[in-house]
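Some notes on the structure that comes next.
Numbered from 1 within each chain, the chains take letters A, B, ... in sequence-line order.
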There are 2 protein chains.
Amino acid sequence: MQSDTRRRILDTTADLFRRHGYTGTGLKQIVAAANAPFGSIYHFFPGGKQELGEEVIRRSGRMYQELVEAVWSQGDDLVDGVRAVFDGAAEVLRATGYVDACPIATVALEVASSNDTLRRATADVFESWVTAAAERLRAGGVPSRRARPLAIAVIQLLEGGFMLSRAAQDTEAMDAAGAAAIELVAAAVRRGKLPAAR
Amino acid sequence: MQSDTRRRILDTTADLFRRHGYTGTGLKQIVAAANAPFGSIYHFFPGGKQELGEEVIRRSGRMYQELVEAVWSQGDDLVDGVRAVFDGAAEVLRATGYVDACPIATVALEVASSNDTLRRATADVFESWVTAAAERLRAGGVPSRRARPLAIAVIQLLEGGFMLSRAAQDTEAMDAAGAAAIELVAAAVRRGKLPAAR
DNA sequence: GTCTATAGAAGGATAGAC
DNA sequence: GTCTATCCTTCTATAGAC
């Protein structure tokens, strides 16, 4: 089955990008880890590394969004959901030796000033995360006008949490990020319940 | 003067790391941009790319901390200082076409799972930023116990702001980060003024 | 001690056998 | 259409001329 090799290449590349970034991951390294012949990359992705990279970014963005939404939904209310996301992130960091973090953050910073096609792909992923999170915040009682900037802040805290926690190999930073996110969300919900708000 | 070449290599490398990251920056690219002979790198940094990289990380960390502290000090009080930092970051992003951001963030994510020496260097830089920011927050009236996690959150919002703003080539994310940071700091100061707090 | 030339490995990409 | 062998470039690093 041809699509099986293709999928294996995508999975492997996503994994290597998350660990070592875009420039840090070689095509030979990918096919070796995916047990695929070298030519398969150019068979399935005629545009080479960039085409493969773009598909991996968009696909990882979708998959990670689904994962986070599933964890978020475990919470009974908004604050519980946010707490579950940050607690889950800290748990995954600990369990994987601080390697499994955001699948696109490293790539996003790497390509931001050097590859416009890939930069755009990372921007689209972040935008879809922001939109989805804002929608959840609104549904949970955050005043509509405040939902989007709050969603951005929550995602930034998560990304910052990954960055500092991976560097320090310690979840203190992710814990602090979660506490800050919870405080911001709780305050926004409180404001939403006041008669004057919105 | 020999130390002039050395300094030029350090400055150039810092600039290239910020734009293209660690793996994305080649030694030949560095000497070309620094107008230095190739051998100079190994003359001044016998440990090669890693030794140069470590010194650049620690040096950039110090310099950026000084820059941020200078901007922070422009504010009259704590909230004003934080606002100045995020406004300044947004301004620099706009003015440089979204290339001049945090000097070590890209490198930090790249090396977190692949080079322990450099990972440790980035961790040390983040830690020194956290310590300094926490000290300022305490001096500005934030209860001592809350200063450190708050400092972490503020730095994470700044880093997340750089990441999302560079990807989108838009300062909306940095503006949202600043607003969130201000809200968190203002709330902490308010809590510090309550008699029951601390 | 400043600089050039080059080694040896790894990078992305391609051609063509089967 | 699956895979191998190879091309050319670039990488880090070193040797040695001057």
Between [N] ([atom2]) and [X] ([atom1]): distance, integer Å:
| X | N | atom1 | atom2 | answer |
| --- | --- | --- | --- | --- |
| Arg6(B) | dG1(C) | CZ | C1' | 15 Å |
| Phe45(B) | dA13(D) | CZ | C1' | 16 Å |
| Ile41(A) | dG1(D) | CD1 | C1' | 16 Å |

Legend entry - Residue-level proximity of residues 15-37 of chain B to DNA chain D when a heavy atom falls under 4.0 Å: Thr25(B), Gly26(B), Leu27(B), Lys28(B)
From [options], nucleotide with atom closest to [X] side chain:
| X | options | answer |
| --- | --- | --- |
| Ser40(B) | dT12(D), dC3(C), dT14(C) | dC3(C) |
| Phe38(A) | dT2(C), dA5(D), dT12(D) | dA5(D) |
| Tyr42(B) | dC3(C), dA13(C), dT12(D) | dT12(D) |

Inset, instruction - Could you tell me which residues satisfy side chain to side chain donor-acceptor pair (under 3.5 Å) with Asp116(B), sequence neighbours excluded, listed by chain and number? - result: Arg119(B), Arg120(B)
Inset, instruction - Test side-chain hydrogen bond (donor to acceptor under 3.5 Å, both in side chains) on Thr131(B) and Glu135(B) and set out the steps. - result: CA-CA 6 Å; Thr131(B) 304; Glu135(B) 198 42 59; over 6 Å; no
Residues 90-97 of chain B, side-chain donor-acceptor partners within the protein, below 3.5 Å, at least two apart:
residue: Glu91(B); atom: OE1; partner: Arg94(B); partner atom: NH1; Å: 2.8
residue: Thr96(B); atom: OG1; partner: Val92(B); partner atom: O; Å: 2.8
residue: Thr96(B); atom: OG1; partner: Asp100(B); partner atom: N; Å: 3.1

Inset, instruction - Give Gly48(B) one of three labels, base, sugar-phosphate or nothing, depending on what nucleic acid heavy atoms sit under 4.0 Å from its own. - result: sugar-phosphate
Inset, instruction - Tell me whether the OP1 or OP2 atom of dT2(D) has a side-chain N or O from His43(A) closer than 4.0 Å. - result: yes
Legend entry - Any pair counted as ring pair (Phe, Tyr, Trp, His ring centres under 6.0 Å), so long as it reaches residues 90-115 of chain A, sequence neighbours left out: none
Inset, instruction - Could you name each residue pair satisfying ring pair (Phe, Tyr, Trp, His ring centres under 6.0 Å) that touches residues 138-170 of chain B, not counting sequence neighbours? - result: none
Legend entry - Salt-bridge present (Asp11(B), Arg59(B); N to O < 4.0 Å): yes
Inset, instruction - Check the side chains of Glu69(B) and Gln65(B) for a donor-acceptor pair under 3.5 angstrom, ignoring hydrogens and angles. - result: yes
Inset, instruction - Kindly calculate the angle separating the two end axes of the helix from dG1(C)-dC18(D) to dC18(C)-dG1(D), each obtained from five base pairs, and round it to 10 degrees. - result: 20°
Legend entry - CA sep, side-chain torsions, deciding dist, call: Thr106(A), Arg19(A), side-chain hydrogen bond (donor to acceptor under 3.5 Å, both in side chains): CA-CA 8 Å; Thr106(A) 310; Arg19(A) 285 176 160 77; over 6 Å; no
Inset, instruction - Check each of Phe17(A), Tyr22(A), Phe45(A) against Val56(A) using the side chain to side chain contact (heavy atoms under 4.5 Å, CB included) test, and report the only one that passes. - result: Phe17(A)
